[in-house]
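Taking it in order: structure first as structure tokens, then the write-up.
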Amino acid sequence: MTSPEFIRAVANRYASQLQLCYPLTSASFSLAKTIHSHMVTSGFHPAGHIRNRLIDVYSKSSRIVYARHLFDKIHEPDIVSRTTLVSAYSSSGDIKTARKMFEETPFSIRDTVFYNAMITGYSRNEDGHACIELFRRMLREDFRPDDFTFTTVLGGLALVVNRGMQCKQFHCVVLKSGAGFVTSVLNALVSVYVNCGSVFEARKLFDEIKEKDELSWTTMVTGYVKNDELDAARELVDGTSEKLGVAWNAMISGYVHRGRYEEALDMFRKMYFMGIKMDEFAYTSIISCCAHAALFRLGKQVHCYVLRTEAKPTPGFSLPVNNALVTLYWKCDKVDWARRIFDNMPVKDLVSWNAILSGYVNAGRFDEGRLFFRKMPERNRLTWTVMISGLAQNGFGEEGLKLFNQMKSEGFQPCDYAFAGAITSCAMLGALETGRQLHAQLVRLGLDSSLSAGNALITMYARCGVVEAANVLFLTMPCVDSVSWNAMIAALGQHGHGIQALELFEQMLGAGISPDRITFLTILSACSHAGLVKEGQYYFNSMHRLYGITPGEDHYVRLVDLLCRAGKFLEAKDVISSMPFEPGAAVWEALLAGCRTHGNVDLGTQAAERLIELMPQHDGSYVLLSNMYATAGRWNDAANARKLMRDRGVRKEPGCSWVEVENKVHVFLVDDTVHPEVQAIYNYLNKLVPEMRRLGYVPDTKFVLQDIESDHKERVLSAHSEKLAVAFALLKLPSGATVRVFKNLRICGDCHNAFKFMSKVVGREIIVRDAKRFHHFRDCECSCGDYW
DNA sequence: CTAGGGTTAG
């Protein structure tokens, strides 16, 4: 019954059954387990070759516990089982246990393969030094390295090389050992040269390889891509008929990273028509390409194609494909679709979390974004950067700065993008000192050549009133893009240098940079602040004719603003009626603001009607209307507008103004309740009135004072807290001191005039920040150039 | 029993 022949026959059957586990798939483990338990129940003891097979399958299916269990039952484990286990431990990241098992193995049974396995372990765990050290020890202990050894050690070397010298030394060792003709070794050597940036040497070696295999080609092509020589890589790819799927994938992702989306797509198409196998790597890159290039329709087509052709049973798409899809969908404003993909992913990693977080932050959905941020199982530098720059760009300056500091205290070194976010926060808050400190830190870290940080700095300096610093930065930045030009043009425009802004725009054209829609928004604002009506109209008309940019509603709003500020209401009306779309609230608001400034009640009332119709719950609609009546001296109408607002249950948006005097900060809350300090301010302004009159100042601001004298003074006071804040500060100031006023809402024409007036009357500088820009009043002049 | 190339987030 249990004759040796019979046992041998059974063993052979098990051996051939186990062979079915190869090549390894996700099903291999359960198959091996079934065969294994069959052996146990039928009383067959797996030993020798069969036992080692089982250990191997268990190890490679990441079931080390099973493998170890079998291993421990062996009385004297042979070198093959030991090699398998060393390899299993190191590939699971447990390099310590691997090393322990390595050291416990007696010298007498060790062989080259055993050393190779341990060296590979270090290579997989990215410890190049340990690879080389073990290689040296292997030589000392008289084991002969083979092709595998060289290939692996070279792989480890590639991790740590930073000079060509080391490459050359190893090159010599390889040649001396006689392995210089083995393609796999030469491939690894090429890869080492590539990794230390010696592409030229790599290419020389590559050309010397007699029998180039697919890997030789791939290594060389990807080597060019890694060293940013995409054209050389392409030349190599085009020069061979080999179907180098991996190399094509590397090239596509290289093109995507460099922003060469057209070429990436072109290769993808060629790949399809040439019948090169497309895998998840290709899909991932091309979906990411579509997301970056805003080719959403194509992206969705690829998604469908992948669904149709590659749908796998359980795990769905691979992790990176899903991650790229999440990005694709939020970029085309489908955050909820992105969320659905995210939720359905069987496995998520940090990249997935960062992708969905960016989606929410970029869509301005901060409540959900914050929730995600808190829930994340782990965070990295990018996570923080996404939050910081998102918060900054959406007006949460304080929170952005807080997060920036938190990021540092949690041990993350901020990258230039994070700095850009923090600097943008400073720009919003008018925190010039903090901004300067950040600039200094950038220089210390050697990050000051960064484009994004530089652009943020230009805006920060400009918004904080230091145009000169912005200009110096713009001129000294190592490279600039259209964002930099836009920022600098805006900087000049915001400070009333309308003509210089236009000159810079012309320079930009001369430098071959094409303007975008932001450029024209900036130009129109610059003209508006400086009263350059003709120029503004000219550029508005040229944007479609010369640059093919169709004006959006935001451009029309600025044109209306430009005309209205100059009192050209007929033209403004013409513009509104000639608009290709229904004018929205912003257009009417601009018109109303102009009417307020010029006291054009007839047109203003019409504008206000439309505005209130469109935004009945928007406090600004009523405040503008009431201020317009006030400007025209129609106090009852002004009061009625306020009453209408209250009757409709609209609260004036609570804001907050604060005054900083000699390190002391006074805060004024602005809402429908009257601040207790108001009475003191009121008294002071009453003292100021005769002084104003005595100086013969007949200000546009007269209504401010009349407001206060009117029956509605309390409500009006709360609406004009900025003026009051300044007055209050001046009241308590030692003479000659500078006053800073910060306001988190946009400064209005009334406030502007009031500050002008105050600076003249009291002979002091007044610095005001609002959400949009910086005002520096001195002797009635305002640095922002706004003319009202 | 051991090795080598490509993927995703601002």
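Lettering of chains follows the sequences in order, A, B, ..., and the numbering in each one begins at 1.
- Of the candidates A/F419, A/W384, A/F396, A/F419 is the only one forming a ring pair (Phe, Tyr, Trp, His ring centres under 6.0 Å) with A/F404.
- In this structure, of B/dT2, B/dT7, B/dG5, it is B/dT7 that holds the atom nearest to the side chain of A/S285.
- A/W384 comes within 4.0 angstrom of no nucleic acid atom, judged by non-hydrogen atoms across all strands.
- A straight line from CG of A/D349 to C1' of B/dT8 spans 8 Å, rounded to a whole angstrom.
- Contact annotation for A/N195: no contact, since no heavy-atom pair falls under 4.0 Å across all strands.
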Test log, rule side chain to side chain donor-acceptor pair (under 3.5 Å), inputs A/T105 and A/R82: CA-CA 8 Å; A/T105 302; A/R82 295 181 114 108; 3.1 Å; yes
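- In this structure, the nucleotide among B/dA9, B/dT8, B/dA3 sitting nearest to the side chain of A/T152 is B/dA3.
- Closest to the side chain of A/T219, out of B/dG5, B/dG10, B/dT8, is B/dG5.
- Residue A/T218 is classed as a base contact, given a heavy-atom separation below 4.0 Å to a base.
- In the set B/dC1, B/dT8, B/dG6, the nucleotide with an atom closest to the side chain of A/A324 is B/dT8.
- Nearest nucleotide to the side chain of A/E280, out of B/dG4, B/dC1, B/dT7: B/dT7.
- DNA chain B lies under 4.0 Å from no heavy atom of any residue of residues 450-457 of chain A.
- Counting only N and O atoms by type, the side chains of A/Y58 and A/H69 include no donor and acceptor under 3.5 Å apart.
- With ring centers used as reference points, A/W330 lies 6.0 Å or more from A/Y360.
- Among the protein residues, A/S184 comes within range of the nucleic acid bases, having at least one heavy atom under 4.0 Å from a base atom.
- In this structure, A/K243 places its NZ atom 24 Å from P of B/dG5, rounding to the nearest Å.
- Checking B/dT2, B/dT7, B/dA9 against the side-chain heavy atoms of A/A117 singles out B/dT2 as nearest.
- The shortest distance between the side-chain N/O atoms of A/K226 and the OP1/OP2 oxygens of B/dG6 is below 4.0 Å.
- Residue ring and nucleobase are not stacked for A/F148 and B/dA3 under a centre distance beneath 5.5 angstrom and an angle between planes beneath 30°.
- In the set B/dG10, B/dA9, B/dG4, the nucleotide with an atom closest to the side chain of A/Y417 is B/dG10.
- Aromatic ring centres of A/W217 and A/F206 lie closer together than 6.0 Å.
- Between A/K331 and B/dA9, a side-chain N or O to OP1/OP2 separation shorter than 4.0 Å is absent.
- In this structure, A/R379 reaches neither bases nor backbone, as no heavy-atom distance under 4.0 Å exists between it and the strands shown.
- An OP1 or OP2 oxygen of B/dT2 is reached within less than 4.0 angstrom by no side-chain nitrogen or oxygen of A/T84.
- In this structure, the OH atom of A/Y283 is 17 Å from the P atom of B/dT7, given to the nearest Å.
- Between B/dT7 and A/S253, a contact under 4.0 Å exists linking OP1 or OP2 to a side-chain N or O.
- Aromatic rings from A/Y66 and A/H36 are positioned such that their centres are separated by 6.0 Å or more.
- One can find a donor-acceptor pair under 3.5 Å joining the base of B/dA9 and the side-chain atoms of A/N380.
- The nearest whole Å value for the distance from the CZ atom in A/F143 to the C1' atom in B/dT2 is 15 Å.
- Set against B/dT8, B/dG10, B/dG6, the side chain of A/A250 has B/dG6 as its closest nucleotide.
- Atom pair A/H292:NE2 and B/dA9:P shows a separation of 4 Å (rounding to whole Å applied).
- Considering only the side chain of A/N116, B/dT2 comes nearest among B/dG5, B/dC1, B/dT2.
- Taking only distance into account, the side chain of A/T222 never meets the base of B/dG5 through a donor-acceptor pair shorter than 3.5 Å.
- When rounded to the nearest whole Å, the span between CE of A/M278 and C1' of B/dT7 equals 15 Å.
- At least one side-chain heavy atom of A/S87 sits under 4.5 Å from a side-chain heavy atom of A/R124.
- One donor-acceptor pair, N or O on each side, does fall under 3.5 Å between the base of B/dC1 and the side chain of A/T83.
- Relative to the six-membered ring of A/F71, A/R68 misses at least one condition, a distance below 6.0 Å or an angle of at most 45° to the axis.
- Proximity of A/K60 to the phosphate of B/dT2: a side-chain N or O atom is located under 4.0 Å from OP1 or OP2.
- At least one cation-pi condition fails for A/K331 and A/F296: the charged atom is not both under 6.0 angstrom from the six-membered ring centre and inside a 45 degree cone around its axis.
- Between A/Y115 and A/F102, the ring centre distance stays below 6.0 Å.
- Counting non-hydrogen atoms under 4.0 angstrom, A/D56 reaches the backbone sugars and phosphates but no base.
- For B/dT7, neither phosphate oxygen OP1 nor OP2 lies less than 4.0 angstrom from any side-chain nitrogen or oxygen of A/H257.
- One interatomic measurement links the two molecules: CD1 of A/I252 to P of B/dT8, which rounds to 11 Å at whole-angstrom precision.
- When rounded to the nearest whole Å, the span between CG of A/L357 and P of B/dG10 equals 11 Å.
- Taking 4.0 angstrom as the limit, A/R124 places none of its side-chain polar atoms (N or O) nearer than this to OP1 or OP2 of B/dT2.
- Within 4.0 Å (heavy atoms only), A/T385 reaches at least one base atom of the nucleic acid.
- Here A/R381 lies out of heavy-atom contact (under 4.0 Å) with every strand.
- For A/L215, taking side-chain heavy atoms from C-beta onward, the closest of the listed nucleotides B/dG5, B/dA9, B/dC1 is B/dG5.
- Looking at heavy-atom distances under 4.0 Å, A/V386 makes contact with sugar-phosphate atoms alone, never a base.
- By the 6.0 Å and 45° rule, A/R53 stacks over the aromatic ring of A/Y22.
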